[in-house]
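Data block below; observations after.
A, B, ... follow the sequence lines: proteins, then strands. Residue 1 opens every chain.
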Protein chains: 2
Amino acid sequence: MTDTAALPKYLQVSERLARQVTAGLLRAGERLPPEREMAEGLGIAVGTLRKALDQLAAQGMLERVQGSGNYIRKPAQASNIYAFFRLELVAGGGLPTARVLTVERVPKPGDLPAFGTSADGHRIRRVRALDGVPVALEEIWLDGDVAARVTPADLSESLYLFYRERLGLAITRIEDRVGIAPPPGFGAEALALPDPACFVERLSWAVEDHPIEFSRTWVHSDRARYVARS
Amino acid sequence: MTDTAALPKYLQVSERLARQVTAGLLRAGERLPPEREMAEGLGIAVGTLRKALDQLAAQGMLERVQGSGNYIRKPAQASNIYAFFRLELVAGGGLPTARVLTVERVPKPGDLPAFGTSADGHRIRRVRALDGVPVALEEIWLDGDVAARVTPADLSESLYLFYRERLGLAITRIEDRVGIAPPPGFGAEALALPDPACFVERLSWAVEDHPIEFSRTWVHSDRARYVARS
DNA sequence: AGGAATTTGTGCGTATGTATC
DNA sequence: AGATACATACGCACAAATTCC
């Protein structure tokens, strides 16, 4: 437990809703109660709730339809809650899943950008799939100081939940860089991606200007693409 | 002039500020007047102005600093106002410019996604540069029905202004897809990009669900990258 | 160092417009 | 046409961060 200052109400609410979506309590397509009802139930003003919903809409998690209602858009999906980009099949859509390959605490290599305070990092390697078809390799570096140990069991459900509930961290800012690069050696068990692949580098901030995570995702662009909607 | 319904005030204000930035009336680093002053000058409520400023901040055009002020972030730059991604040098930053190579009205080829109502499109080809160094090739398809003719002179200043003032169109939604592909044949005069390159496909909506523009940008990823910040 | 002034952030409540059902 | 529900707009009070004296 950190001594983090209390989040603003509107962020508390959007975080809570995001968690409920992640946990599957709110499912895709589901309609939320009317804003006035919901605000009353939460004990906040309608304007505050609307700000929270705007947040979620901006993240693509919610669709707001005037005259109709607010609808959950994203299915419950692991580890993609704060993603700026969505990984999609070339044809669009696809149910995202991820399988953890390895989790190791190792010294940060020199080619990583500066983030966190430790010389070590937790290196998490995963295969990401859409509708069961492997489409990308991913390497996530979590700063060594946020946790002494990380095990695959911690990560099996949702990276998001792990960060929020086990570490007490709320990711507040993300920077993505898009380029191309050859995929790294992920071992024989991993998907063989053609060389080179489109990839996205991500720096995640837990608090302003203090990144605690760095990740790289290599996407087989014949099978899937990163999609961003404004 | 279209019979478009009047835009909400907060969008009118953000559009106007965006134009001023594009036109160079507001320069990078410049601080805006205090919100209360500004709102009074515009004859609107502070909350409405704040919503406009939030828009611009979300677009990366403005930086809002509590206790300090609102600062213009982007330099005056042509045609990048609505960009979801920013094209940056690998080291970060770089002053973006663009040079139009050709503008032609031609039948839409079959590999374009569905957009607009015409069988023809205006094909605009450009070289984009950062700090004077060519880093990307770009092909923009504007639906044939939004204008009978388009000339390079129309585009020399700013694609944004052209859309807004000549065509009366406000881009309201953008969808970007990231992948890799070989750069096309842009003629001998164009920058020779290595094959393949990282590229971004963009569909721009003028009104909800009615895209009028499609573009593809091929980026030499050794020189520049697309960067998105949340 | 410290405190006041300035400036943006959060939160509330209300009234009216507009799209959907 | 009426009811429902989200969108816009206004105004106010207080909190929090920054700036300046």
Give the rounded distance in Å between these two atoms: [atom1] of [X] and [atom2] of [N].
| X | N | atom1 | atom2 | result |
| --- | --- | --- | --- | --- |
| B:L42 | D:dT8 | CG | P | 18 Å |
| A:Y71 | C:dT20 | OH | P | 11 Å |
| A:M38 | D:dT4 | CE | C1' | 17 Å |
| B:R64 | D:dA17 | CZ | P | 16 Å |
| B:R31 | C:dT7 | CZ | C1' | 8 Å |
| B:L62 | C:dT7 | CG | P | 16 Å |
| A:L53 | D:dA5 | CG | P | 15 Å |
| B:Q66 | C:dG11 | CD | C1' | 14 Å |

Could you tell me whether the side chains of A:S118 and A:D143 share a donor-acceptor contact shorter than 3.5 Å?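 No, no side-chain donor-acceptor contact under 3.5 Å.
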Would you indicate whether the side-chain heavy atoms of A:D111 and A:R216 approach each other to under 4.5 Å?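 Answer yes - side chains close enough.
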Just so I know, are the side chains of A:L56 and A:L17 near enough to count as touching, which here means a heavy-atom distance under 4.5 Å?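 Result yes, sub-4.5 Å side-chain heavy-atom pair found.
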According to side chain to side chain donor-acceptor pair (under 3.5 Å), does anything in residues 43-54 of chain A pair up with another residue at least two apart or in another chain? List the pairs. A:E35-A:R50, A:D54-A:R64
Charged tip of A:K108 within 45° of A:F214 ring normal and under 6.0 Å: no
Looking at [X], does any N or O in its side chain come under 4.0 Å of the phosphate oxygens OP1/OP2 on [N]?
| X | N | result |
| --- | --- | --- |
| B:S68 | C:dT7 | no |
| A:R50 | D:dC6 | no |
| A:N70 | D:dC6 | yes |

Shorter than 3.5 Å, N or O on both sides, protein versus nucleotides 9-12 of chain D: list them out with atom names.
{"residue": "D:dA9", "atom": "OP1", "partner": "B:K9", "partner atom": "N", "Å": "2.5"}
{"residue": "D:dA9", "atom": "OP2", "partner": "B:K9", "partner atom": "N", "Å": "3.4"}
{"residue": "D:dA9", "atom": "OP2", "partner": "B:Y10", "partner atom": "N", "Å": "3.3"}
{"residue": "D:dC10", "atom": "OP1", "partner": "B:K9", "partner atom": "NZ", "Å": "3.0"}
{"residue": "D:dC10", "atom": "OP2", "partner": "B:A45", "partner atom": "N", "Å": "2.9"}
{"residue": "D:dC10", "atom": "OP2", "partner": "B:T48", "partner atom": "OG1", "Å": "2.4"}

Would you find a donor on one side and an acceptor on the other, under 3.5 Å apart, between the side chain of A:H122 and the backbone of A:V146?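 Such a contact is absent between A:H122 side chain and A:V146 backbone.
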Search all heavy atoms of A:S14 against all heavy atoms of A:Q55 and return the closest pair with its distance.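 Shortest heavy-atom separation between A:S14 and A:Q55 comes out as CB-CB, 4.1 Å.
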Nearest to the side chain of A:R36, heavy atoms from C-beta on, is which of D:dT18, D:dC6, C:dT8?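 Nucleotide nearest to A:R36's side chain: D:dC6.
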